[in-house]
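Read through the structure below, which is laid out as structure tokens, and then see the notes.
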Amino acid sequence: MAQVLLVEDDAEIRRALIHALSQLGHAVMTAGDGMRGLQMALDAAPDLVVLDLGLPDMDGRDVLRMLRSVSQVPIIVATARDQETAIVEALDRGADDYLSKPFGAVQLDARIRAVLRRTAGGRAGANAPLVAGGLRIDLAAREVVLDDAPVELSAREFDLLSYLAARAGTVVSKRELINEVWHQPYSGTDKTVDVHLSWLRRKLGESAREPRYLHTVRGIGVKFVPYADPSSR
Ligand code: CA
């Protein structure tokens, strides 16, 4: 059960989700526009925010940016289908996950639980930092430093990197990543892992063609190679 703030201007969607999420055991509060959403997110301190990107008063991405600048509350963005650039931008700006409309309450509930599991795991962190060459992954603080410079990662990118780094030297399949990092069933056609890997690589200053830590093993998956290992070059 979680305290969920739903920021959504469509009254019908609000009603339906309040009803369904309450049935699933969540406490739901709602805001019908971005300004009120921001206010409630700060005043009521919900466990998680579901943010519609298409709001009447403000661009949802600006709401996200403003909220993220003052709060670490987990955020799931909701967006109309085929708004891929908006989704990418939202994830870049710190959204923890997204849903394409129309979506059902059961799917939303699954995402809420997955995001809360991930973020709670991050807070619990009694784990020692993972260090590989110039890369240091602090699991407790959820911070990454590369060659003495901090690297800003989204929650998902951090989870992906730490999952791979914890299995350094082992090839991890996309199926495993989708199941264990995304907590979703694997469809086989999904480009999610590839997209997040390429963002992660960009932030680590490497590419699929010139990998440093994240090596693609064609047809199988991806392998984290500690940079200090000379056989990786
Ligand atoms: Ca809307």
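In each ligand, atom 1 is the first atom listed, and ligand 1 is the first ligand listed.
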**Q.** Atom name, Asp9 (N, O or S, nearest to the Ca ion (ligand 1))
**A.**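 Nearest N/O/S atom: OD1.
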Do any of the N/O/S atoms of [X], backbone or side chain, fall under 3.0 Å from the Ca ion (ligand 1)?
X     : value
Glu8  : no
Gly54 : yes
Asp52 : yes

**Q.** Positive for side chain to side chain donor-acceptor pair (under 3.5 Å) with Arg156, one of Asp96, Asp97, Thr192
**A.**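 With Arg156 as partner, Asp96, Asp97, Thr192 yield a single side chain to side chain donor-acceptor pair (under 3.5 Å), made by Asp97.
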Between [Y] and [X], is there a salt bridge with N-O shorter than 4.0 Å?
X      : Y      : value
Glu8   : Arg14  : no
Arg142 : Asp159 : yes
Glu152 : Lys203 : no

